[in-house]
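This chain uses plain numbering: 1 for the first residue, then up along the sequence.
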Amino acid sequence: MNRPLPPRALRSSFTTRRTLLTAGGGLGLAALLAACGPSQTRGEDGSVSSDGGGKAADEDLLERIQSGKSIRIGLEGTYRPYAYHDDKGDLVGFEKDIADAIAKGLGATPKYVETEWDSLIAGLDVDKFDIVVNNVGITPEREKSYLFSEPYARSIGRVAVPEDSKIESFDDLKGKRAAQSATSNWAAQMEKLGAEIVPVQGFAEAIELLTQGRVDATGNDLVSFQTYQKENPDKKFRLLDDELPDDSEVGVIMPKGQEPLQKKIDEILDGMKSDGSLKKIFEKWVGQDLTPKG
């Protein structure tokens, strides 16, 4: 799916999210075709270039990355505090820092390929990028078609409602309208709770509809809600006390058959957990440690 990016102010506050409901097979043809087009990449120095891709199915990605000293990393670049553009236009955020560390551990320069959420995972199938670092939840369905690194972060799901809403518990969500990205795991969880899904492009649109009283609820990551409330105190909503039942862990996703790359990325993440650098990244951007407990 291709669409013009929203204005900078909206992009900086949270646009789009979260994890795909299917492993990629359920994506529409339009999303796949969008992923096939020439990709815009942003180098570590901020320079932008195009890259058409074109790897053989049996190519060793780790060998290519290390020999070429470059790795293409897919992400949205529109979702604070994960990865977004600051007031100077620089790509920043905790997933960007994690991706930088992975690239450094591979001896490569990161080339960031900013792509809308619904085309991210499909982009791996057509060599738009080598890996995706974009809060993708590790699920059995996705693992049928892709490889994941070990988890690098955990996600806690919550539900927001208008400040004056009569909704007090998950039982009250039955038959209510919830604004969600249609292909996200949050949409799936809200459907399980009996809510009617109102499709939106991302988090910012969901919150706007919620605070305008046009929907009854929206489910998303606790970090997203906390950051948004801090930066937009005029937007009035509250969180239900209960956590969504399906907490998830997220990892780096890559094509099937790339076990050498998977193993190397796992080694890098293990090192970041052991030396405390992963914890420091989370504390810098989020104010709490999101390192997986396992």
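Taking the salt bridge (charged side-chain N to carboxylate O under 4.0 Å, His left out) definition, one finds that D172 meets it with nothing, sequence neighbours left out. Every residue meeting the salt bridge (charged side-chain N to carboxylate O under 4.0 Å, His left out) condition with E196, not counting sequence neighbours, appears here in chain and number order: R177. For K69, there are no salt bridge (charged side-chain N to carboxylate O under 4.0 Å, His left out) partners at least two apart in sequence or on another chain. In this view, D266 satisfies the side-chain hydrogen bond (donor to acceptor under 3.5 Å, both in side chains) rule with no residue, not counting sequence neighbours. Residues satisfying the salt bridge (charged side-chain N to carboxylate O under 4.0 Å, His left out) criterion with E163, sequence neighbours excluded, are absent altogether.
With rounding to the nearest 0.5 Å, the separation of CG in L244 from CG in L193 is 6.5 Å. Considering CD of E95 and CH2 of W285, their distance stands at 12.0 Å, rounded to 0.5 Å. Atoms OG and CD, from S149 and Q262 in turn, are 7.5 Å apart once rounded to the nearest 0.5 Å. One finds the CG atom of D130 at 5.0 Å from the CG atom of L61 (value rounded to the nearest 0.5 Å). Rounded to the nearest 0.5 angstrom, Y146 OH and K256 NZ are separated by 11.0 Å. Atom CD1 of I156 sits about 7.5 Å away from atom CG of D221, to the nearest 0.5 Å.
Under a cut-off of 6.0 angstrom, the local environment of NZ in K279 is sparse, with at most 12 non-hydrogen atoms contributed by other residues, nucleotides or ligands.
Contact annotation: the side chain of Q180 approaches that of T218 to within less than 4.5 Å [non-hydrogen atoms, C-beta and beyond]. Residues T211 and D234 form no side-chain contact, since every pair of their non-hydrogen atoms from C-beta on lies 4.5 Å or further apart. No side-chain heavy atom of Y79 sits less than 4.5 Å from a side-chain heavy atom of N134. Counting only heavy atoms from C-beta outward, the side chains of L210 and P162 approach each other to under 4.5 Å. Annotation: side chain of T115 is in contact with side chain of K128 (closest heavy-atom distance under 4.5 Å). For the pair V133 and L75, the minimum side-chain heavy-atom distance is 4.5 Å or more. Side-chain contact check for E243 versus R158: some heavy-atom pair is nearer than 4.5 Å. The shortest distance between side-chain heavy atoms of I73 and F129 does not fall below 4.5 Å.
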| request: Quick one: do D97 and K284 satisfy side-chain contact (heavy atoms from CB on, under 4.5 Å)? Show the steps, please. | output: CA-CA 10 Å; D97 284 357; K284 170 187 174 182; 3.7 Å; yes
| request: With salt bridge (Lys or Arg N to Asp or Glu O under 4.0 Å) as the test, would you mind laying out the steps for D60 and R64 before giving the verdict? | output: CA-CA 6 Å; D60 186 329; R64 183 173 83 176; over 6 Å; no
| K236 and D164: salt bridge (Lys or Arg N to Asp or Glu O under 4.0 Å), yes or no, with the steps? | CA-CA 9 Å; K236 303 299 182 182; D164 60 354; over 6 Å; no
| task | Give the intermediate values and the outcome of side-chain contact (heavy atoms from CB on, under 4.5 Å) for residues V132 and I121. | result | CA-CA 7 Å; V132 170; I121 294 181; 5.6 Å; no
| said: I'd like to know whether Q229 forms a side-chain contact (heavy atoms from CB on, under 4.5 Å) with F237, so could you lay out the CA-CA distance, the side-chain angles of the two residues, the decisive distance to 0.1 Å, and finally the verdict. | reply: CA-CA 8 Å; Q229 280 186 314; F237 62 90; 3.1 Å; yes
| query | Stepwise, does the side-chain contact (heavy atoms from CB on, under 4.5 Å) test hold for M272 with I281? | reply | CA-CA 10 Å; M272 295 176 69; I281 288 173; 3.8 Å; yes
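Taking both residues in full, the closest heavy atoms of V223 and P81 are given as CG1-CG, 3.9 Å, listed atom of the first, atom of the second, then distance. The two residues L91 and G77 make their nearest non-hydrogen contact at CD1-CA, 3.9 Å. Taking every heavy atom of both residues into account, Q66 and L106 meet most closely at CG-O, 3.6 Å. When all heavy atoms of F170 and P245 are compared, the closest pair comes out as CE1-CD, 4.4 Å. Listed here is the closest heavy atom pair of I138 and F148: CG1-CD2, 3.5 Å. A182 and P199 get closest at one heavy-atom pair: CB-CB, 4.4 Å.
Ion pairing of R214 with E208 is absent here, as no side-chain N (NZ or NE/NH1/NH2) approaches a carboxylate O to less than 4.0 Å.
In this structure, F203 has its ring center under 6.0 Å from that of F225.
Remark: the Y228 side chain and the N220 side chain contain no N/O donor-acceptor pair separated by less than 3.5 Å.
Checked against K264 for a side-chain contact (heavy atoms from CB on, under 4.5 Å), the options I65, I102, L62, L269 give a single hit: L62.
The salt bridge (Lys or Arg N to Asp or Glu O under 4.0 Å) pairs that include a residue from residues 146-157 are E150-K273, where partners are two or more places apart or lie in different chains.
Between F94 and Y82, the angle of the ring planes lies from 30° to 60°, which puts this pair in the tilted group.
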